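Not measured: the values here are computed from a predicted model. Throughout, a chain's letter reflects where its sequence line sits, starting with A, and its residues are numbered from 1.
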Amino acid sequence: MAANPIEEMPKTYDFESTEQRLYRWWEESGWFKPEIAGPDAEPYVISIPPPNVTGALHQGHALFVSLEDLMIRHARMTGRAALWVPGSDHAGIATQLQVERLLESEGTSREAVGREEFLRRTWEWKQKYGSRITEQLRRLGASCDWDRERFTLDEGLSRAVREAFVRWYEQGMIYRGTYMINWSPGLQTAVSDLEVDREEEEGTLYYFNYPLKDGDETLPVATTRPETILGDTAVAVHPEDERYRAFVGRTALVPMLNREIPVIADEYVDREFGTGALKITPGHDPNDYEIAQRHDLAIVSILNKDATLNENAGPYAGLDRYAARDKLWADMEVAGMTLRTEPYRHAVPRSQRGGELIEPMISTQWFADVSGPAQAGLDAVRDGRIQIVPERFVKVWEHWLTNIRPWCISRQLWWGHRIPAWYCDDCEHVTVARDDPTECEACGSTHLHQDPDVLDTWFSSGLWPFSTLGWPEETPDLARYYPTTMMETGYDILFFWVARMVMMGLSFTDDVPFRIVYLNGLVRDEYGKKMSKMAGNVIDPIEVMDEYGTDALRFTLLTGTAPGNDMNLAISRIAGNRNFANKIWNAARFLVSNLEGDSPTGPPPGEGLSLPDRWIVSRLHHLIADVDRLFEGYLYGEAGRQIYDFLWSEYADWYIEISKIALYGEDEAAKSRTRHVLTYVLDQCLRMLHPFIPFVTEEIWQHIPHEGEALIVARWPEPDPSWLDEQAEAGMATLMELIRGIRNARAEYDVPPSRRIAAHIEAGEAFDLLDAQRELFTRLANVDAEQLTVDAALDDPPEQAAVVAIGGITAYLPLAGLVDIEAEQARLQKELDEVVGLIARSEALLANDGFTANAPEEVVSRERDKLARLQATRDSLQERLEALG
RNA sequence: GGGCGGUUAGCUCAGUUGGUUAGAGCGCUUCCCUUACAAGGAAGAGGUCACAAGUUCGAGUCUUGUACCGCCCACCA
């Protein structure tokens with residue numbers, strides 16, 4: 001394919017006109033589909049962490065999409081059948097709240113319109129807004145197979161949820177029971193342990209005297225929640241506590257209610273804490289609940305679902321929990337029962353959503369006993385069937401799965417997968433079935449009503465890697481693409497989601513759901529603060545993409561951090577990476593503008609290459625090998641940074657500048673060869689960069705000579721050791737160092753950049769090298785070709801000259817009128833001091849027998865070379881100083 | 001209470017298995033609108049790698065401890 005003319009490449013890369021066009025082209029060409037790799041290709045599969053349908057794109061999405069797209073694009077380029085299954089999550093509570101808010105704005109409510117209408121409205125809402133988030137994923141360049149897009153509440157996935165529920169029920173792992181759960185009074189639903197955060201807060205510790213039924217004695221007790229006194233069913237002391245031993249077995253009276261409760265002994269009580277006596281409220285405290293189980297105590301619930309007090313609270317019934325606390329305490333003060341209060345810092349359970357106080361309550365809910373699957377999940381990681389990256393999260397994994405507790409899976413919501421359990425109105429039997437039953441399986445009655453509750457959203461997300469591929473049907477996709485390859489997600493949902501997927505995958509498919517878990521960190525603001533609307537520090541990915549382009553955002557997210565580490569996102573970095581995209585763009589413009597008839601692609605012929613040619617190709621293949629190694633270790637960020645450095649600091653800064661010698665010269669063969677090398681190296685870099693910054697690389701690739709239709713389906717570069725050329729690299733290193741030295745001298749003597757200077761180089765052993773590369777000095781150090789001499793030895797070095805000494809090479813720069821002997825002496829002396837210091841260090845190291853004996857040969861010889869070079873530099877400098885002085 | 005992470009240049013961060021004179025971006029200084037790119041180029045300044053001890057020929061990197069910051073888990077009222 002002929003390259004596009006330079007006229008089509010504006011001076012500045014225009015991402016706005018590029019991104020959408022390319023994305024549509026890729027998608028319409030079918031390149032996001034795994035089938036393009038052919039039937040024999042090894043699959044590489046990622047299930048997207050489904051964003052909430054309610055969601056608006058934030059940096060967390062941008063990060064995971066960038067990472068997963070990087071992985072998928074890389075896999076695609078290496079010939080794998082790359083499949084990225086997209087979709088979204090119905091997000092029970094979040095979505096329900098959105099629609100409730102909408103109804104509220106219409107002056108009505110969920111309860112008023114009824115369940116059926118509410119669900120209709122929610123689906124309507126989903127149709128309207130549900131595609132917003134996926135559109136935003138496209139904007140990021142996500143190369144998902146959109147034909148396979150799924151929604152956790154669609155028909156197939158609902159069938160999967162039914163199947164999973166029924167299977168676990170049949171295995172006795174799912175059961176309905178009355179236990180202590182976390183109740184969210186605002187949302188009016190149970191939530192799981194994971195959805196509760198415990199936060200340290202300033203509270204009060206209330207001391208009071210518990211009255212006893214017989215006699216005037218009292219038992220002092222401390223509590224942080226006086227209102228729960230109304231639900232007390234015992235007072236406990238430690239069995240070996242001398243102070244209270246006599247009280248055990250007696251009867252206490254609940255303040256204000258005068259309900260009789262026993263004084264018991266239990267080792268759970270900490271004698272050191274508070275008064276050493278503990279009031280027991282089994283209905284509203286998990287520990288007390290356990291103690292009540294042990295002692296067969298009554299359980300009294302004093303709270304309604306909205307956290308007002310119920311009839312068990314006697315005169316306090318109907319009051320809000322906090323009002324009841326104040327009133328009860330006031331009443332007790334009047335009654336002379338209180339002792340004192342003191343400020344007290346303690347952990348308070350709060351809802352992850354909204355932060356309201358969670359009430360532990362006794363409630364009838366559905367639970368899943370996942371201890372078996374948890375063990376299977378532990379084994380899968382221990383025996384390496386699942387690899388967690390970075391490895392340190394294995395410890396967290398172990399700890400959580402080892403201490404797992406029953407999972408409360410029912411939610412008192414309407415938006416979600418309804419629990420497939422039907423209660424018989426006649427015999428009370430519970431029918432759990434895959435298909436809606438018409439009659440009771442026990443008595444045949446047709447008077448059935450379905451459980452009103454829905455399942456925890458994570459129950460359906462837990463099936464995601466296989467439900468999206470068709471499970472429980474044995475579909476071709478399930479057979480070919482399961483288990484999936486990579487699960488990439490944030491470490492914050494390791495338990496919520498990853499653990500559930502592993503447990504459910506192992507349980508239902510008898511296989512791991514994925515081979516690798518790659519955990520990314522959280523994106524914070526520039527100063528490490530969590531982004532929030534309240535703090536006003538949100539960096540909106542959409543705005544960033546509008547201003548700097550998608551590639552700039554992606555590259556920043558991908559190279560800004562190491563696996564599992566949080567990252568602080570700074571706009572200045574995004575701008576810098578926008579500049580990088582522009583830099584590559586202009587490197588390509590340079591190439592394209594210098595193309596003539598021939599447009600060779602692929603590796604250049606090995607013969608006839610110049611030193612810089614061999615150098616840049618050698619460097620390229622070092623890079624390819626390094627990038628491969630880094631990809632294998634999932635160190636994508638480091639790989640990206642290395643490509644960046646190579647392209648900017650070696651290809652653009654040096655090779656392109658050097659290439660101008662040939663391109664602006666007369667030698668047609670040299671021109672052609674140089675164009676070939678320029679093209680080849682850029683092409684290989686674009687391939688490696690494509691998974692990071694897909695848009696600008698594809699756009700450039702279309703402009704330069706290339707074989708094949710598109711970069712997105714081009715082959716990933718392969719390292720070729722035969723291109724490695726240590727000699728060329730060493731030669732170029734010397735030349736570059738010398739040129740930098742000359743530039744430095746020019747700057748120090750304030751020689752105008754436009755002024756061509758004379759240079760006389762005493763090259764010593766490097767004569768052949770330097771003599772062959774005279775043009776480099778002419779062009780890169782702006783030396784006058786007429787006044788450049790290169791000799792092995794100089795008999796009569798000029799007096800009035802600045803000197804640059806690099807190894808055994810000495811360059812004399814007769815800067816007429818500018819060189820002050822004293823200043824030059826000072827300058828050389830400073831350099832000499834530096835070199836002498838380095839020599840001392842190097843000599844000491846080499847004099848150390850331990851070093852020469854133990855260090856690898858390569859390290860030692862490198863050190864010897866370094867020392868020799870330094871010594872040669874020192875000699876030159878000394879010689880010159882003597883000549884001047 | 002247990003566990004994990006961080007501490008590297010003024011700011012934000014890299015540094016893969018220990019091995020050249022510890023890097024990048026932004027910011028700063030001087031110069032340059034040189035025919036790919038001023039979103040650029042050239043030359044610079046700037047770091048006792050938190051602290052202490054240890055292992056080693058050699059430590060930013062490994063071990064132990066300390067300090068500070070952050071996160072996760074956990075049933076002391």
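For Lys11(A) against C37(B), a side-chain-to-base donor-acceptor contact under 3.5 Å is absent. A donor-acceptor contact under 3.5 angstrom links the side-chain atoms of Glu657(A) to the base of A36(B). One cannot find a donor-acceptor pair under 3.5 Å joining the base of U20(B) and the side-chain atoms of Arg862(A). Donor-acceptor pairing under 3.5 Å, judged by distance alone, is absent between the side chain of Arg641(A) and the base of A14(B).
What separates OH of Tyr749(A) from C1' of A42(B) is a distance of 18 Å, to the nearest Å. A36(B) atom C1' lies 7 Å from atom CZ of Phe590(A), rounded to whole Å. The CD1 atom of Ile757(A) sits 17 Å away from the P atom of A42(B) (whole-angstrom rounding). When the P atom of C26(B) is taken as reference, atom OH of Tyr548(A) falls 12 Å away, rounded to whole Å. The distance from atom CD of Glu272(A) to atom C1' of A77(B) is 14 Å, rounded to the nearest whole Å. A straight line from CD of Glu863(A) to C1' of C57(B) spans 12 Å, rounded to a whole angstrom. Rounded to whole Å, atom C1' of C71(B) lies 12 Å from atom CG of Asp197(A). Rounding to whole angstrom units, CG of residue Asn403(A) and P of C72(B) are separated by 18 Å.
Remark: the separation of the C1' atoms in U34(B) and C26(B) is 26 Å, to the nearest Å. Rounded to whole Å, the P atom of A50(B) lies 13 Å from the corresponding atom of G10(B). Nucleotides C57(B) and C76(B) have their P atoms positioned 49 Å apart, rounded to a whole Å. Spacing of P atoms, G65(B) relative to U29(B), comes out at 46 Å, to the nearest Å. A gap of 13 Å separates the P atoms of G60(B) and A52(B), to the nearest Å. A distance of about 35 Å separates the P atoms of G6(B) and A43(B), rounded to the whole Å. Comparing U30(B) with C71(B), their P atoms sit 42 Å apart, to the nearest whole Å. If you take atom P in G2(B) and the same atom in G54(B), they sit 28 Å apart, rounded to whole Å.
Closest-nucleotide positions on RNA chain B for Arg524(A) and Thr852(A) were compared, and the one nearer the 5' end corresponds to Thr852(A).
OP1 or OP2 of G44(B) lies within a sub-4.0 Å distance of a side-chain N or O belonging to Asn744(A). Taking only side-chain nitrogens and oxygens, Tyr207(A) never comes nearer than 4.0 Å to OP1 or OP2 of A77(B). OP1 and OP2 of A36(B) both lie 4.0 Å or more from every side-chain N or O belonging to Asn586(A). The side chain of Trp648(A) contributes no N or O atom lying less than 4.0 Å from OP1 or OP2 of A36(B). One finds no side-chain N or O of Ser572(A) lying less than 4.0 angstrom from the OP1 or OP2 phosphate oxygen of C11(B). OP1 or OP2 of A36(B) lies within a sub-4.0 Å distance of a side-chain N or O belonging to Tyr664(A). Considering only side-chain N and O atoms, Arg271(A) lies nowhere under 4.0 angstrom from the phosphate OP1 or OP2 of C76(B). Dashed line: the shortest gap from a side-chain N or O of Lys583(A) to OP1 or OP2 of C37(B) is not under 4.0 Å.
Using a 4.0 Å heavy-atom distance criterion, Gly560(A) is classed as a sugar-phosphate-only contact. Nucleic acid contact class of Trp397(A) (heavy atoms, under 4.0 Å, all strands): none. If you check every strand for non-hydrogen atoms under 4.0 Å, Arg755(A) touches nothing. Residue-level contact check: Phe495(A) touches the backbone only, with heavy atoms under 4.0 Å from sugar-phosphate atoms and none from bases. Residue contacts for Ala853(A): at a heavy-atom cut-off of 4.0 Å it reaches no nucleic acid atom on any strand shown. Residue Asp653(A) is in sugar-phosphate contact alone, with no base atom involved, counting any heavy-atom pair closer than 4.0 Å across all strands shown. At a threshold of 4.0 angstrom between heavy atoms, the contacts of Tyr289(A) with the nucleic acid are absent. Among the atoms of the strands shown, only primed sugar atoms or phosphate atoms (P, OP1, OP2) are found under 4.0 Å from some heavy atom of Arg743(A). Counting any heavy atom pair closer than 4.0 Å across all strands shown, Arg746(A) reaches no nucleic acid atom. At a threshold of 4.0 angstrom between heavy atoms, the contacts of Phe580(A) with the nucleic acid are absent. Ser842(A) comes within contact range of no nucleotide atom at all, as no heavy-atom separation falls under 4.0 Å. Among the atoms of the strands shown, none is found under 4.0 Å from any heavy atom of Arg225(A). Base engagement by Pro856(A) is indicated by at least one non-hydrogen atom pair under 4.0 Å involving a base atom. The residue Lys660(A) sits close to a base: some heavy atom pair falls under 4.0 Å.
If you check the side chains of Asn565(A) and Tyr491(A), you find no donor sitting under 3.5 Å from an acceptor. Between the side chains of Glu202(A) and Tyr344(A), no donor-acceptor pair of N or O atoms lies under 3.5 Å. A side-chain N or O of Asp193(A) and one of Asn182(A) form a donor-acceptor pair less than 3.5 Å apart. Counting only N and O atoms by type, the side chains of His622(A) and Glu729(A) include a donor and acceptor under 3.5 Å apart. Using a 3.5 Å distance cut-off with no hydrogens or angles, the side chains of Glu775(A) and Thr778(A) do not pair a donor with an acceptor. Residues Glu863(A) and Ser842(A) have side chains that bring a donor and an acceptor to within less than 3.5 angstrom of each other.
Within the shown strands, C4(B) is the pairing partner of G70(B) under the Watson-Crick or G-U definition, both distances less than 3.5 Å. Of the nucleotides present, none pairs with A45(B) by Watson-Crick or G-U wobble criteria with both distances under 3.5 Å. Remark: G18(B) base-pairs with no nucleotide in the shown strands. Criterion, Watson-Crick or G-U wobble with two distances under 3.5 Å. Using Watson-Crick or G-U wobble geometry with both donor-acceptor distances under 3.5 Å, G25(B) finds its partner in C11(B). Across all strands shown, U61(B) forms no Watson-Crick or G-U wobble pair with both key distances under 3.5 Å. Using Watson-Crick or G-U wobble geometry with both donor-acceptor distances under 3.5 Å, A39(B) finds no partner in any strand shown.
Ring centroids of Tyr644(A) and Phe580(A) are separated by less than 6.0 Å, placing the two rings close together.
Among the candidates Ile571(A), Thr556(A), Asn579(A), the single residue satisfying the side chain to side chain contact (heavy atoms under 4.5 Å, CB included) test with Tyr548(A) is Ile571(A).
With Arg746(A) contributing its side chain and Asn782(A) its backbone, the two residues share a donor-acceptor pair below 3.5 Å.
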Would Glu290(A) and Tyr268(A) satisfy side-chain hydrogen bond (donor to acceptor under 3.5 Å, both in side chains), going step by step from the backbone distance to the final call? CA-CA 10 Å; Glu290(A) 281 182 25; Tyr268(A) 169 78; over 6 Å; no

